[in-house]
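In what follows, residues are counted from 1 in the order of the sequence shown.
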Amino acid sequence: MIESLLVANRGEIARRIIRTAKRLGIRAIAVYSEADADLPFVAEADEAVLIGPPNPAQSYRNAEAILAAAKATGAQAIHPGYGFLSENAEFARTVESSGLIWVGPDADAITAMGDKINARNLMAAAGVPVAPGTTDPAADLNAAVTAAAGIGYPVMVKAAAGGGGMGMGVAVDEAALRTEYDKVRAFAERMFGDGSVLIERYFPRVRHVEVQILGLADGRVVALGERECSVQRRNQKLVEESPSPAVSPELRSRLLAAAVRAGEAVSYRNAGTVECLLDPETNEFFFLEMNTRLQVEHPVTEYVYGVDLVEEQLRVASGLAPTFDPDALAPSGHAIELRINAEDPKRFLPGPGVIRTWVEPTGEGVRVDSGYTEGNTVTPFYDSLLAKLIISGATRAEVLERAKAAVAAFQIEGPKNNVPFFAELLTNEEFLSGAYDTGIVSRMR
């Protein structure tokens with residue numbers, strides 16, 4: 001097993017990784033920016049290194065500073081968490097060429113799945129269903145218009161190098177497409193350094209379902225069930241649950257088999273997620289993208305499958321067998337995750353500030369993965385995620401009741417936060433029924 005691990009991230013995911021590392025007797029090393037010096041993850045690490053000012057480009061995305069910290073502390077491995085450098089193939093290669101262990105898929109898999117058009121084509125060749133769309137980037141606006149006419153409106157305009165729900169727009173006709181194409185292309189160039197755009201069929205009513213995969217050290221790829229991710233704002237997730245209330249045993253079998261084929265197509269190792277769109281009317285599903293890293297919502301899978309995914313990541317990176325029997329994976333119970341963000345509960349606009357009160361809920365089946373505590377300052381430099389409230393139980397009904405009580409008990413004063421939104425959601429009949437789709441938040445607003 002790896003003996004020392006540098007966590008190249010911050011906040012709740014850094015705490016999460018550090019917790020497992022220390023449980024396994026691994027020396028945990030944190031890196032932090034000047035803005036994060038007082039956050040819990042810094043104090044909880046065995047060692048912590050200041051790597052730069054608040055701007056992520058000068059700290060958490062500064063590969064040279066992170067590698068220098070690894071060298072200075074004698075770290076054996078680097079875990080990137082999610083976001084920042086986690087899906088940066090060049091960084092993964094540099095880590096390994098520096099003689100360190102990269103806790104994640106290899107750079108070739110990251111590269112293959114990082115370009116959405118290339119990923120679509122690879123998946124189609126592997127027999128994974130893909131939605132109608134372009135097989136090459138739309139070279140210009142005229143090419144996009146021609147492609148959309150062939151696909152049929154409405155269409156989704158997407159940044160080929162995007163991810164995390166960013167760089168996407170919907171066009172219901174040619175006039176809208178002309179606007180969205182320019183908007184998405186400009187955003188993609190600014191955010192990802194790549195203005196390539198793809199055009200896909202847009203499904204007005206759809207569910208977002210993803211499959212957790214794990215590429216094992218012996219070369220096998222296994223699937224640890226699905227997660228429902230349809231409660232979203234601006235194409236970004238707010239709630240995840242497992243199992244999905246929309247997925248029957250027959251559909252689950254097809255979903256998981258397709259996800260395993262996706263992983264095998266790129267010789268995948270370590271943790272990853274195959275994201276799909278599900279048509280609730282026909283039970284057809286289509287490949288959306290593959291996230292070559294640990295997901296924010298991994299805890300719901302941990303509860304339902306009884307595994308510690310961070311531990312499994314470390315075991316794969318160490319060349320060790322998993323703690324579970326790959327041939328006997330089966331779900332048990334239910335789990336839901338609520339993303340507690342520093343944003344107002346109506347328009348979901350960021351609301352940083354000093355945390356004057358922070359009281360986490362407790363009780364059976366309640367887990368809080370938080371990045372902050374009372375007295376910390378939520379700055380505007382990073383993602384608005386404050387904490388993840390994870391609720392587990394024997395049934396979905398039991399989990400929903402526990403979630404209501406936990407949300408009512410979660411006290412945050414200072415920064416704006418979306419806890420009141422979850423109190424509203426947990427009384428919403430559409431959500432409670434399980435028959436919701438990606439439009440549920442807009443219908444609530």
**Asked** When you check the side-chain N and O atoms of Arg293 and Gln295, is any donor under 3.5 Å from an acceptor?
**Response** yes

Practice problem: Walk me through it: do Lys158 and Leu288 pass the test side-chain contact (heavy atoms from CB on, under 4.5 Å)? | Solution: CA-CA 11 Å; Lys158 296 173 60 176; Leu288 178 63; 3.4 Å; yes

- Task: Determine whether more than 12 heavy atoms belonging to other residues, nucleotides or ligands lie under 6.0 Å from atom CZ of Arg443.
- Result: yes

One should read off an interatomic distance between Glu96 CD and Ile78 CD1, to the nearest 0.5 angstrom, of 10.5 Å

Report task. Ignoring hydrogens and angles, tell me if any N or O in the side chain of Thr292 forms a donor-acceptor pair with the backbone of Glu87 under 3.5 Å. Result -> no

- Mind checking whether Phe422 and Phe410 have ring centres under 6.0 Å apart? no

Beyond-backbone contact of Met123 with Val274, side-chain heavy atoms, under 4.5 angstrom
no

Does a donor on one side chain and an acceptor on the other come within less than 3.5 Å for Asp36 and Tyr60?
yes

Are Asn9 and Phe41 packed together at the side-chain level, in the sense that at least one heavy-atom pair is separated by less than 4.5 angstrom? no

field: Cation-pi check, Arg10 onto Tyr32 ring (under 6.0 Å, within 45° of axis)
entry: no

Just checking, is any N or O donor in the side chain of Arg315 or Thr323 under 3.5 Å from an acceptor N or O on the other one? no

message: Are Phe324 and Tyr305 an aromatic pair, judged by ring center distance below 6.0 Å?
response: no

Exercise for review: Any chance you could lay out the side-chain contact (heavy atoms from CB on, under 4.5 Å) test for Arg220 and Asp327, step after step, and finish with the verdict?
Suggested key: CA-CA 11 Å; Arg220 285 182 293 174; Asp327 299 316; 3.9 Å; yes

For Ser230 and Arg207 the tightest heavy-atom approach is OG-CA, 3.3 Å

Taken to the nearest 0.5 Å, the spacing of His79 NE2 from Ser86 OG works out to 9.5 Å

Begin from the C-alpha positions of Thr395 and Leu400 and carry the test side-chain contact (heavy atoms from CB on, under 4.5 Å) through to its verdict.
-> CA-CA 9 Å; Thr395 65; Leu400 290 172; over 6 Å; no

When rounded to the nearest 0.5 Å, the distance separating NZ of Lys116 from CG of Leu198 is 9.0 Å

Taking the side chain as every heavy atom from C-beta outward, state whether Ile440 and Leu425 have any atom pair closer than 4.5 Å. yes

Original post:
Does Asp437 reach the main-chain N or O of Leu278 with its side chain, forming a donor-acceptor pair under 3.5 Å?
Top reply: no

Output for pair (Ser392 OG, Glu337 CD), nearest 0.5 Å, gives 12.0 Å

Exercise. Do Lys388 and Arg16 have side-chain heavy atoms sitting under 4.5 Å apart?
Worked result: no

- Task: For the pair Tyr436 (side chain) and Gly439 (backbone), establish whether a donor and an acceptor sit closer than 3.5 Å, ignoring hydrogens and angles.
- Result: no

Could you list the donor-acceptor pairs under 3.5 angstrom formed by side chains in residues 62-77, with sequence neighbours left out?
unit_1, atom_1, unit_2, atom_2, d
Asn62, OD1, Glu64, N, 3.3
Asn62, OD1, Ala65, N, 3.1
Thr73, OG1, Ala69, O, 2.8
Thr73, OG1, Ala70, O, 3.4
Gln76, OE1, Glu3, N, 2.7

Query - Side-chain heavy atoms of Phe421 within contact of Arg233, under 4.5 Å - result: no

